[in-house]
Amino acid sequence: MFSLSELPACARFCCVAVDGSYRSRLVRDIHKVPRLLGRVVDRRQREFYSGRWSALCAIESLTGRKEAPDIADDRSPLWPLGLVGSISHTDDWALALVAEADKANRIGIDLESVDAVSKVHGLVELIASAYELGLLVKTVQTGLMTMNELIALMFSAKESLFKALYPQVGVYFDYLDAEIVQVEAGYVELRLLKALNNTFSKGDGFRIAFLFQDRHVLTWQIDLL
Ligand SMILES: CC(C)(COP(=O)(O)OP(=O)(O)OC[C@H]1O[C@@H](n2cnc3c(N)ncnc32)[C@H](O)[C@@H]1OP(=O)(O)O)[C@@H](O)C(=O)NCCC(=O)NCCS
């Protein structure tokens with residue numbers, strides 16, 4: 001189970017196991033959660049409803065209301081009015097981070113299994129620039145993390161950044177459109193390599209927090225107003 005310490009008062013985090021127990025947990029609140037339509041494999045059902053369950057728990061803890069985000073046409077979560085948030089799930093865990101929209105501008109969260117990421121063939125070439133490859137090698141030499149841990153961290157930090165920015169940008173942007181420029185204890189710094197819109201310009205920097213636990217890496221960003 002993951003937990004986040006030192007969250008601002010306007011934010012809540014919730015983590016649940018992806019084990020099918022959402023069925024009994026959601027029994028009274030199922031009408032608050034959007035339905036997955038069509039034929040959906042069991043694994044997707046478990047992850048989706050566990051993600052919505054964690055979002056519902058985080059929202060209830062913050063607002064006292066039992067609500068969960070709807071599904072937008074582009075499949076991103078549609079947060080209830082007055083809230084910003086983000087969801088992530090793996091085979092084992094589903095988690096959500098939410099905050100009051102008048103205190104936080106945007107949120108991104110992502111969880112990755114280090115072992116699962118290390119099995120994805122050709123991933124490094126897809127997500128890492130030449131500069132980042134050099135940074136990976138230098139950071140591994142410090143002994144702080146293994147190469148597999150660093151690649152999972154890079155992948156997760158970029159997905160967290162994407163989830164945080166997408167609601168304000170509205171378009172897909174690629175892993176190579178942002179670059180990790182620094183890795184320090186508990187944080188990575190990223191910068192945009194191209195402008196995304198009038199708000200987010202080439203060179204803009206973002207600080208993403210991370211923690212490693214049980215062969216997983218969790219990354220998140222809350223941008224407070
Ligand atoms: C959308 C994406 C980030 C999801 O990440 P993932 O590791 O595959 O899956 P996760 O379990 O961590 O997150 C899934 C959740 O992300 C949320 N999500 C989906 N699309 C989203 C979007 N456009 N914006 C914000 N959140 C989104 C959803 O809540 C989804 O769960 P749900 O379908 O059950 O509601 C990923 O699939 C993707 O398309 N990445 C490419 C873009 C990118 O990351 N670029 C890097 C820029 S530096």
Side-chain angles (χ1 to χ4, degrees), residues 2 14-16 18 22 26 33-38 40-56 58-59 68-80 83-98 105-114 116-117 120 123-124 126-129 131-132 151-181 188-197 200 202-208 210 216-223:
F2 294 82
C14 180
C15 173
V16 301
V18 175
Y22 69 85
L26 275 177
V33 172
R35 308 306 292 266
L36 277 178
L37 301 175
V40 182
V41 295
D42 278 358
R43 176 182 165 178
R44 171 65 180 141
Q45 295 212 17
R46 278 198 305 275
E47 292 188 3
F48 173 81
Y49 288 113
S50 301
R52 276 336 194 243
W53 169 249
S54 59
L56 190 142
I59 292 172
D70 211 335
I71 312 171
D73 290 342
D74 58 13
R75 300 179 62 185
S76 64
L78 268 181
W79 294 89
L83 297 176
V84 286
S86 184
I87 294 173
S88 185
H89 32 62
T90 61
D91 291 356
D92 306 315
W93 303 106
L95 32 90
L97 183 59
V98 297
N105 199 15
R106 55 179 181 267
I107 285 187
I109 194 162
D110 189 75
L111 181 67
E112 299 294 339
S113 150
V114 172
V117 171
V120 181
L123 182 73
V124 182
L126 272 181
I127 66 166
S129 65
Y131 175 81
E132 286 175 312
I151 292 167
L153 170 60
M154 177 178 288
F155 183 56
S156 182
K158 290 188 173 195
E159 295 221 319
S160 272
L161 181 68
F162 178 80
K163 291 179 192 174
L165 297 188
Y166 182 84
Q168 292 170 9
V169 171
V171 289
Y172 174 89
F173 58 103
D174 190 65
Y175 297 96
L176 294 176
D177 293 335
E179 186 169 69
I180 293 189
V181 289
V188 291
E189 303 272 351
L190 290 106
R191 77 168 165 233
L192 289 179
L193 296 179
K194 71 170 197 187
L196 300 178
N197 61 11
F200 298 107
K202 182 176 175 181
D204 282 357
F206 302 89
R207 195 170 156 85
I208 307 268
F210 71 85
H216 286 70
V217 60
L218 176 61
T219 58
W220 72 97
Q221 189 211 9
I222 305 182
D223 184 57

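These figures come from a predicted structure and were not determined experimentally. Counting starts at 1 for both ligands and their atoms, in listed order.
Interatomic distance, L56 CG to Y49 OH, rounded to the nearest 0.5 Å: 13.5 Å. Residue S88 holds its OG atom at 8.0 Å from CG of L218, rounded to the nearest 0.5 Å.
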N or O contacts of ligand 1 with protein under 3.5 Å, please list pair by pair.
unit_1, atom_1, unit_2, atom_2, d
ligand 1, 5 (O), E159, OE1, 3.1
ligand 1, 7 (O), D110, OD1, 3.4
ligand 1, 7 (O), E112, OE2, 3.3
ligand 1, 7 (O), E159, OE1, 2.3
ligand 1, 11 (O), H89, N, 2.9
ligand 1, 11 (O), H89, O, 3.0
ligand 1, 11 (O), H89, ND1, 3.0
ligand 1, 12 (O), S88, OG, 2.7
ligand 1, 12 (O), D110, OD1, 2.8
ligand 1, 12 (O), K163, NZ, 2.7
ligand 1, 13 (O), K163, NZ, 2.9
ligand 1, 31 (O), H89, NE2, 3.2
ligand 1, 33 (O), R44, NH1, 3.4
ligand 1, 33 (O), R44, NH2, 2.8
ligand 1, 34 (O), R44, NH1, 3.0
ligand 1, 34 (O), H89, NE2, 2.8
ligand 1, 35 (O), R52, NH1, 2.6
ligand 1, 40 (N), E159, OE2, 3.4
ligand 1, 40 (N), Y175, OH, 3.3
ligand 1, 45 (N), F173, O, 2.9

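Every side chain to side chain contact (heavy atoms under 4.5 Å, CB included) that S76 has, sequence neighbours left out, goes to A72, D74, Y166.
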Taking it one step at a time, do T219 and D110 satisfy side chain to side chain donor-acceptor pair (under 3.5 Å)?
CA-CA 5 Å; T219 58; D110 189 75; 4.7 Å; no
Could you please spell out the steps behind the ring pair (Phe, Tyr, Trp, His ring centres under 6.0 Å) verdict for Y175 and F162?
CA-CA 9 Å; Y175 297 96; F162 178 80; 8.1 Å; no
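The only member of K194, K158, R191 that meets salt bridge (Lys or Arg N to Asp or Glu O under 4.0 Å) when paired with D177 is K194.
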